[in-house]
Amino acid sequence: MTSPALLYERVEKFQQKFLIAGAIGLGLCAAGGFINPTQFFRSYLLAFIFWTGLALGCTAIVMLHHLTGGAWGFGIRRLLEAASRTFPLLAVLFLPLLFGLPRLYAWAQPETVAADPILQYKHFFLNKPFFLMRAALYFALWNLLAYLLSKWSAEQDAAGNAAVSRRFEALSGPGLIIYGFSVTFASIDWVMSLEPHWFSTLYGMMFMVSQVLLAMAFAIVIAMLLSDAPPISEAISPGQFHDLGNLLLAFTMLWAYLSFSQYLLVWAGNLQSEIPWYISRASGGWAAVAIFLIVFHFAVPFFLLLSRTVKRQMRSLAFVAGALIVMSLVDLFWLVTPAFHPQGPRVHWMDIVAPLGVGGIWMAAFLSQLKNRPLVPLHDPDFDLASFAAARLEGASGHGH
Amino acid sequence: MDPVMPEPSAELGVSAPLIEPGHSYASVTDKISAIVLTRRTPRWWMLGFAAAFCLMMLLFFAVAYLFAVGVGIWGINIPVGWGFAIVNFVWWIGIGHAGTLISAILLLLRQQWRTSINRFAEAMTLFAVSCAGLFPVLHMGRPWLAYWLFPYPNTMGMWPQFRSPLVWDVFAVSTYATVSLLFWFVGLIPDLATLRDRSRNRVGKIMYGILAMGWRGSAVHWSRYETASLLLAGLATPLVVSVHTVVSFDFAVAIIPGWHTTIFPPYFVAGAIYSGFAMVMTLAIPIRAIYKLEDFITLRHLDNMAKIILATGLIVGYGYMMETFGAFYSADQYEKFMILNRMTGPYAPFYWALIACNIVMPQLLWFPAVRRSVVGLFVISLVVNVGMWLERFVIVVTSLHRDFLPSSWGMYYPTRWDWATYVGSIGLFLTLLLLFLRYLPMISIFEMRQLVSQTSGKTESRVSGNLDDV
């Protein structure tokens with residue numbers, strides 16, 4: 001058991017390390033960008049989408065919990081909120097992409113568009129000013145949601161007025177609708193339009209599920225790392241880890257369900273306008289990545305997470321969750337990179353260093369947000385920490401129904 | 001009590017009661033079993049049964065004529081080969097989904113509010129699946145050869161085409177019907193034993209006695225019962241998603257614009273749960289008023305169901321939006337035409353009625369006052385039922401009637417036999433439902449007793465309701 005003071009020190013130390021690692025990583029990428037700017041933007045896009053997706057998933061889970069309640073969410077709510085407060089940073093991290101649009105997107109290259117009637121048609125949607133306006137709107141909405149959720153949480157921690165709970169509920173319904181719309185269109189803008197001829201109506205929903213899965217895995221890992229000191233040690237019992245594990249399992253299944261549905265329908269239709277997307281992703285070298293995803297993003301975590309023992313032990317659950325975080329990045333790599341290398345996977349060193357660099361900066365921002373607020377809700381009317389911890393000790397001997 | 005309940009002053013939060021105060025084990029058992037055993041069969045039941053029975057006879061008449069003459073009596077032809085039969089099939093099978101969701105997923109999630117509505121929601125599932133199953137068989141043209149759908153060794157050298165989702169449907173729906181029946185029956189056993197013990201006439205004793213399968217309520221029985229129902233819940237959970245996913249594949253595997261789109265699986269599943277909960281609400285509201293069950297099916301139940309209807313309705317709305325956006329973004333002239341034809345073509349009134357019923361009206365459920373108004377909820381649930389039927393009509397008919405070749409366009413008009421079969425299937429559904437209400441306990445007696453013991457001491461709090469032990 002560590003004392004809260006020691007924990008604070010540890011978080012601060014990690015924050016520094018992440019910041020340094022992130023600066024080095026991004027520095028290396030910047031240097032790489034001078035030598036190979038196209039590759040820089042490709043790798044940087046991957047990194048940006050990954051970490052933005054994590055922050056978005058965290059915001060979505062906070063809102064889901066406000067709407068549905070349940071014991072599972074109180075212990076991780078403040079961690080998720082800290083992640084959601086990184087949207088200002090992510091908006092800044094979006095800016096470098098503005099210089100790389102023609103290198104990334106065929107629809108941003110005038111000469112390509114001039115030779116392609118379909119892209120000329122799509123110009124009403126895929127054009128630079130509208131693209132930027134939409135991106136600005138997404139960040140405005142995400143920042144607003146995160147700001148309100150965190151602001152009211154601070155009010156709740158300070159004063160504990162019950163009216164805040166009702167405000168949370170009133171925001172979370174429309175908030176999730178905003179989340180759904182903005183993530184759908186952001187995924188179309190930023191990722192799907194890399195292959196501007198291709199379209200799938202399921203794509204946005206798949207992104208939402210991937211984000212929520214990633215965020216849940218992230219919350220489990222962070223909660224495990226903080227669980228050897230109060231207050232997290234008191235707020236999250238094995239029972240709650242079990243719940244979180246079940247949710248992780250549910251999201252993993254949902255991810256597989258949507259991925260499979262999209263694949264089956266495109267495969268069965270076998271249309272000229274749709275099938276190329278899967279031809280590059282499910283044949284040649286990319287087929288190996290696809291099979292790797294089926295095995296390690298679905299089959300193995302699925303069977304592990306069915307086990308009660310795995311879910312009730314923090315370490316084993318966090319191990320599975322950590323693996324799923326890595327697999328989420330592989331999944332994103334499989335979604336993004338075949339647009340540039342349809343023949344087979346090619347991993348450039350920047351494909352690894354850019355996610356780590358952006359991740360270092362992001363983690364440092366996350367930890368600085370985390371340490372400045374209480375780690376668990378202090379005055380949520382539905383969550384009384386003292387009685388919760390007492391009940392937990394009582395139930396520790398004879399838990400389970 | 002009046003069907004329109006006075007507005008409760010308290011917020012319908014988690015602390016609102018799932019069962020009104022003042023009930024004991026005995027009063028719960030008395031109240032529910034009396035409906036079956038001692039109370040006189042109410043006059044409205046007689047009238048309702050007579051009406052439903054007449055409609056069922058209409059179905060049998062229409063089916064008999066269909067068998068004699070053939071599917072030519074329906075409005076289907078080229079290009080619209082899938083008319084009312086498939087619309088009704090999808091509508092009925094969707095309605096069934098609420099029962100499975102309530103009994104399986106909400107059981108696993110330990111949502112106690114499911115207790116008083118699960119029994120008749122499961123019954124509704126079973127009857128809806130029975131109605132649904134009829135239609136593809138009737139649509140075959142030679143229904144007596146329906147067994148050809150199953151892969152069995154035969155001398156004709158025939159084998160089902162396993163790449164066709166229509167074959168997957170056979171397995172999905174028959175599995176669904178089997179698991180739903182088992183789940184429902186296993187859940188009934190303890191209550192059947194209660195009825196056996198309380199029944200005062202010989203026939204009742206024998207019938208309930210046979211069905212109760214020797215249940216004595218010993219600790220061993222209960223422990224086996226718990227295991228069996230958890231296992232069945234686990235088995236039924238994937239079915240909530242898989243059945244309607246396969247139904248969506250029936251459309252989306254084809255390459256017809258309006259059918260072939262990847263959002264179909266999740267959007268069909270959400271639509272199924274949406275229409276299912278609307279139907280549970282449509283049935284629950286009159287039943288609780290007529291049988292005076294407001295103590296058991298409280299406003300909190302209606303409030304929770306309204307929230308699920310709102311949430312799933314929004315997912316359905318997301319599906320419509322993606323379909324429309326996708327058609328324009330895709331740059332495919334057929335896709336664009338399909339959407340424009342839906343919005344402005346000959347069937348446009350159906351499309352806009354569907355948007356009004358499924359998307360616009362349910363937005364009223366955002367208001368707590370609407371969620372607390374029993375009449376308001378009843379009207380909205382009916383509107384959603386209509387809207388979901390229209391949705392399937394629009395998907396089936398507008399996609400087929402004008403596809404790639406203008407020379408092969410055509411219109412679809414249902415005939416009186418189409419209507420007779422559809423209305424008749426509602427008669428079959430209601431007949432079965434009324435028989436169920438009369439002869440079996442419509443609310444699970446033993447689970448309500450459990451609820452009495454849990455709610456008598458303390459009110460449940462959010463913290464205690466976790467997803468443990470799933």
Side-chain angles (χ1 to χ4, degrees), chain A residues 67 69-72 74 117-119 121-122 124-126 166 173-174 176-177 180-181 184-185 188 197-206 239-240 242-244 246-247 249 253-254 257-258 260-266 268-271 273-274 308 381-384 387-388 391 399-401, chain B residues 11 13-15 105 108-111 163-165 226 237-238 241-242 245 248-249 251-256 259-267 269 307 310-311 314-315 317-319 321-333 335-336 366 461-470:
Chain A
L67 282 183
W72 58 271
F74 296 102
I118 292 184
L119 290 189
Y121 167 82
K122 291 194 177 188
F124 77 95
F125 189 76
L126 296 177
R166 230 165 294 145
L176 279 173
I177 297 176
F181 275 77
T184 298
F185 285 100
I188 293 172
H197 286 202
W198 187 76
F199 186 75
S200 164
T201 43
L202 188 61
Y203 201 74
M205 205 180 259
M206 242 165 63
Q240 261 76 67
H242 192 162
D243 289 351
L244 294 175
N246 280 328
L247 287 167
L249 174 63
M253 283 156 62
L254 205 53
Y257 166 67
L258 296 181
F260 171 74
S261 298
Q262 177 175 289
Y263 177 74
L264 181 83
L265 294 179
V266 172
N270 201 15
L271 293 174
S273 54
E274 291 181 341
R308 211 181 135 80
D382 296 315
F383 179 66
D384 178 3
S387 73
F388 182 77
H399 202 284
H401 302 268
Chain B
E11 177 92 341
V14 272
S15 51
I105 294 187
L108 294 178
L109 293 179
R110 301 187 181 278
Q111 297 285 315
R163 280 196 177 186
S164 163
E226 283 288 319
T237 300
V241 174
S242 68
T245 296
S248 83
F249 288 162
F251 298 96
V253 160
I255 54 166
I256 303 280
W259 284 7
H260 181 73
T261 182
T262 49
I263 193 79
F264 258 35
Y267 141 67
V269 171
K307 284 176 180 166
L310 179 60
L314 287 166
I315 300 178
Y318 177 87
M321 184 201 71
M322 287 317 292
E323 255 187 329
T324 312
F325 175 77
F328 288 102
Y329 179 92
S330 71
D332 182 306
Q333 60 166 323
E335 291 280 338
K336 273 189 287 180
W366 284 100
S461 79
R462 278 194 182 191
V463 174
S464 65
N466 62 35
L467 308 168
D468 209 357
D469 298 305
V470 173

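Predicted, not measured: the structure shown is a model, and the values here were computed from it.
- Nearest heavy atom pair, residue B/Pro266 against residue A/Tyr257, reads N-OH, 3.7 Å.
- When A/Phe125, A/Trp198, A/Phe124 are compared by the number of non-hydrogen pairs under 4.5 Å with chain B, A/Phe125 comes out ahead.
- Scanning all heavy atoms of the two residues, the minimum distance from A/Ile188 to B/Met322 falls at CD1-CE, 4.2 Å.
- When heavy atoms are compared at a cutoff of 4.5 Å, B/Tyr318 approaches chain A solely by way of its side chain, counted from C-beta outward.
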Could you go through the side-chain contact (heavy atoms from CB on, under 4.5 Å) check for A/Phe260 and B/Thr245 one step at a time? CA-CA 11 Å; A/Phe260 171 74; B/Thr245 296; over 6 Å; no
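- Ranked by non-hydrogen atom pairs under 4.5 Å with chain B, the options A/Thr184, A/Leu254, A/Leu249, A/Val266 are led by A/Thr184.
- To the nearest 0.5 Å, atom CZ of residue B/Phe249 and atom CG of residue A/Leu264 are 5.0 Å apart.
- From B/Tyr329, atom OH reaches atom CZ of A/Phe185 across 10.5 Å, with rounding to the nearest 0.5 Å.
- Both the backbone and the side chain of B/Phe328 come within contact range of chain A, judged by heavy atoms closer than 4.5 Å.
- The line from CD1 of B/Ile263 to CE of A/Met206 is 10.5 Å long, rounded to the nearest 0.5 Å.
- Nearest approach of A/Thr201 to B/Gly326, heavy atoms of both residues: CG2-CA, 4.4 Å.
- Heavy atoms of B/Glu226 lying under 4.5 Å from chain A are absent altogether.
- Residues meeting the side-chain hydrogen bond (donor to acceptor under 3.5 Å, both in side chains) test with A/Tyr203, sequence neighbours left out: none.
- Shown here for A/Gly269 and B/His260, the closest heavy-atom pair between the two residues is CA-CE1, 3.7 Å.
- In this structure, chain B has heavy atoms under 4.5 Å from both the backbone and the side chain of A/Pro174.
- Counting heavy-atom neighbours within 6.0 Å of B/Ile255 CD1, excluding the residue itself, gives a total of 12 or less.
- The structure places CD1 of A/Ile177 at 10.5 Å from CD1 of B/Ile315, a figure rounded to the nearest 0.5 Å.
- Of the atoms belonging to A/Leu176, not a single heavy atom falls under 4.5 Å from chain B.
- Between the side chain of B/Thr262 and the backbone N or O of A/Leu202 there is at least one donor-acceptor pair closer than 3.5 Å.
- Heavy atoms of B/Leu310 lying under 4.5 Å from chain A are absent altogether.
- Nearest approach of B/Ala331 to A/Tyr121, heavy atoms of both residues: CB-CD2, 3.2 Å.
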